[in-house]
Amino acid sequence: MFSIGDFAKHGRVSVRMLRHYDALGLLRPARVDPFTGYRFYEAGQLARLNRVIALKELGFSLDQVGSILDERVGPQELRGMLRLRQAELETAMAAAAARLVQVEARLRTIESEGSMSAYDIVVKSLPPVRLAELTGIAGSYEPHDISPVIGPLYEELCRSMERAGVAPTGPGIAYYEDAPDGAIRVHAALPVAASVDAGQLGGEVRIVTLPGVERAATVVHRGSMDGVLPTAQALARWIDANGHRSAGYARELTLACPEDREQWVTELQEPLA
């Protein structure tokens, strides 16, 4: 048997925590000395301690932990619960990392105020293009709302085209429209040949023709789209400074999309009135 101090060391918890678990009935000592009141634990009780800690880390209250343990949750079920919690934490970490990129982008934009723009902005016409597309709704035009919507749309669109044996005829194009209540309709699209129809692709994939644009101000953004703000605002300042007027959301033409998001190359194409 182990003293409470030694058991705490092996379990990587505090003595105070073990006393608390005892008081709640979550983990009783194997033996309590009737004269000194000293608590003693057996090595086999580490298994229950591990379950208490794991369930608490999953976000359960200690009352809920007690109920779960009394129902004798097996190792397989507990492992599944831990895997689910792990996925939730990884998603939260990815979202936090994306937010950090957006904050850094906002800071770069503030720091560049008043300085000469380093972006090469070109006005050109955009031809009409035939697209296979999937659409979704984002809560706002902010990157942290757009990214979780557009990524899965492109993944599903690529799977549908691959299953149908249809290859895109050019780079991807994302474009946006206003939706009710301040939301944004997101279009994730890939150009396809004239012979392709929606029936080949199945599901919710549509075939549409994106109209051409007589004049669009364009600029190349390098890096993750989470950090697009400095590029997008440089384009906005150029449009205003040169007496133009925007005619809608900028389209996003994907020129390069390697696994490393910081190596992405995207052309922003903002229609001019």
**Message:** Are E270 and I239 packed together at the side-chain level, in the sense that at least one heavy-atom pair is separated by less than 4.5 angstrom?
**Reply:** yes
**Request:** Using the side chain to side chain contact (heavy atoms under 4.5 Å, CB included) rule, take T266 and V228 through it: C-alpha gap first, then chi angles, then the decisive distance, then the call.
**Result:** CA-CA 9 Å; T266 308; V228 74; over 6 Å; no
**Prompt:** Are V205 and E133 close enough, and set up right, to give a side chain to side chain contact (heavy atoms under 4.5 Å, CB included), and what steps lead you there?
**Reply:** CA-CA 6 Å; V205 179; E133 72 168 26; over 6 Å; no
**Prompt:** What heavy-atom pair brings D33 and F40 nearest, and what distance separates the two atoms?
**Reply:** CB-CE1, 4.3 Å
**Message:** Could you measure the distance from the CG atom of L131 to the OG1 atom of T209? Nearest 0.5 Å is fine.
**Reply:** 7.5 Å
**Prompt:** So do F2 and L46 actually touch side chain to side chain, heavy atoms under 4.5 Å?
**Reply:** no
**Request:** Evaluate the criterion side chain to side chain contact (heavy atoms under 4.5 Å, CB included) for residue pair R245 and L272; output intermediate values, then yes/no.
**Result:** CA-CA 6 Å; R245 186 162 55 87; L272 300 175; over 6 Å; no
**Message:** Check this for me: E204, atom CD, are more than 12 non-hydrogen atoms of other residues, nucleotides or ligands nearer than 6.0 Å?
**Reply:** no
**Asked** Taking all atoms of both residues into account, what is the closest heavy-atom pair of V220 and T231, and its distance?
**Response** O-CG2, 4.0 Å
**I4 reachable from M17 in the ILVMFWY side-chain graph, under 4.5 Å edges** = yes
**Prompt:** Taking the side chain as C-beta and beyond, is there a heavy-atom pair between R12 and I53 under 4.5 Å?
**Reply:** no
**Side chain proximity check, L89 to Q86, heavy atoms < 4.5 angstrom** = no
**Request:** Might you work through the side chain to side chain contact (heavy atoms under 4.5 Å, CB included) test for D178 and I184, ending with a clear yes or no?
**Result:** CA-CA 5 Å; D178 288 323; I184 299 294; 3.9 Å; yes
**Item:** Sole residue of R28, R16, R48 in salt bridge (Lys or Arg N to Asp or Glu O under 4.0 Å) with D22
**Value:** R28
**Asked** Any chain of hydrophobic side-chain contacts (each under 4.5 Å) joining L157 to I146?
**Response** yes
**Message:** If I compare all heavy atoms of A273 with all of R215, which pair ends up nearest, and what's the gap?
**Reply:** O-NH2, 3.0 Å
**Request:** Group every Ile, Leu, Val, Met, Phe, Trp and Tyr by side-chain heavy-atom contacts under 4.5 Å, then state whether M1 and V32 land in the same group.
**Result:** no
**Request:** Give the minimum heavy-atom separation between A132 and L201, together with the two atoms involved.
**Result:** CB-CD1, 3.7 Å
**Item:** Test item: Y41 side-chain N/O and R31 main-chain N/O as donor-acceptor pair under 3.5 Å
**Value:** no
**Asked** For the atom pair CG (L55) and CG (L69), what is the distance rounded to the nearest 0.5 Å?
**Response** 5.5 Å
**Prompt:** Side chains of L49 and L18: does their closest heavy-atom pair fall under 4.5 Å?
**Reply:** yes
**Message:** Before you tell me yes or no, could you show the steps for W264 and H221 under ring-ring contact (aromatic ring centres under 6.0 Å, His included), namely the whole-Å CA-CA distance, both residues' side-chain angles and the distance that decides it to 0.1 Å?
**Reply:** CA-CA 8 Å; W264 286 6; H221 170 70; 9.4 Å; no
**Message:** The test is side chain to side chain donor-acceptor pair (under 3.5 Å); show your working for Y175 and Q269 and say whether it passes.
**Reply:** CA-CA 10 Å; Y175 64 102; Q269 305 172 331; over 6 Å; no
**Item:** L229 CG to E142 CD distance, which is reported to the nearest 0.5 Å
**Value:** 10.0 Å
**Prompt:** With a 4.5 Å heavy-atom cut-off, do D145 and V149 have their side chains touching?
**Reply:** no
**Request:** Locate the shortest heavy-atom distance separating V15 from G5; write the atom from each residue and the value.
**Result:** CG2-CA, 3.9 Å
**Item:** Single-linkage hydrophobic cluster L253~L235, side-chain heavy atoms < 4.5 angstrom
**Value:** no
**Polar side-chain atom of S246 near backbone of G248 as donor-acceptor pair, under 3.5 Å** = yes
**Request:** Indicate yes or no for a side-chain donor-acceptor contact from N242 to the backbone of H244 under 3.5 Å, with no hydrogens or angles considered.
**Result:** no
**Asked** Is E156 salt-bridged to R159, cutoff N-O under 4.0 Å?
**Response** yes
**Fill in**
Output for pair (K56 NZ, L26 CG), nearest 0.5 Å, gives 10.0 Å
**Request:** Give a yes or no on whether F60 and V13 share a hydrophobic cluster (residues Ile, Leu, Val, Met, Phe, Trp, Tyr; joining criterion: side-chain heavy atoms under 4.5 Å apart).
**Result:** yes
**Message:** With a sphere of 6.0 Å drawn around CZ of R130, does it hold more than 12 non-hydrogen atoms of other residues, nucleotides or ligands?
**Reply:** yes
**Request:** Determine the interplanar angle of the Y249 and Y176 rings, folded into 0 to 90°, and report it as parallel if under 30°, tilted if 30 to 60°, perpendicular if over 60°.
**Result:** perpendicular
**Message:** Would you say OH of Y38 has more than 12 non-hydrogen atoms from neighbouring residues, nucleotides or ligands within 6.0 angstrom?
**Reply:** no
**Request:** Rounded to the nearest 0.5 Å, what's the gap from OG on S160 to CD on Q200? Could you check?
**Result:** 12.0 Å
**Request:** Indicate yes or no: at least one non-hydrogen side-chain atom of W238 is less than 4.5 angstrom from one of V219.
**Result:** no
**Over 12 non-hydrogen atoms of neighbours within 6.0 angstrom of CG in D181** = no
**Message:** Restricting to non-hydrogen atoms, name the atom on L27 and the atom on Q45 that form the minimum distance, rounded to 0.1 Å.
**Reply:** CD1-NE2, 4.0 Å
**Prompt:** Considering only heavy atoms from C-beta outward, does the side chain of H187 approach that of V208 to under 4.5 Å?
**Reply:** no
**Prompt:** How many angstroms lie between atom CZ of R83 and atom CD of E88, to the nearest 0.5 angstrom?
**Reply:** 14.0 Å
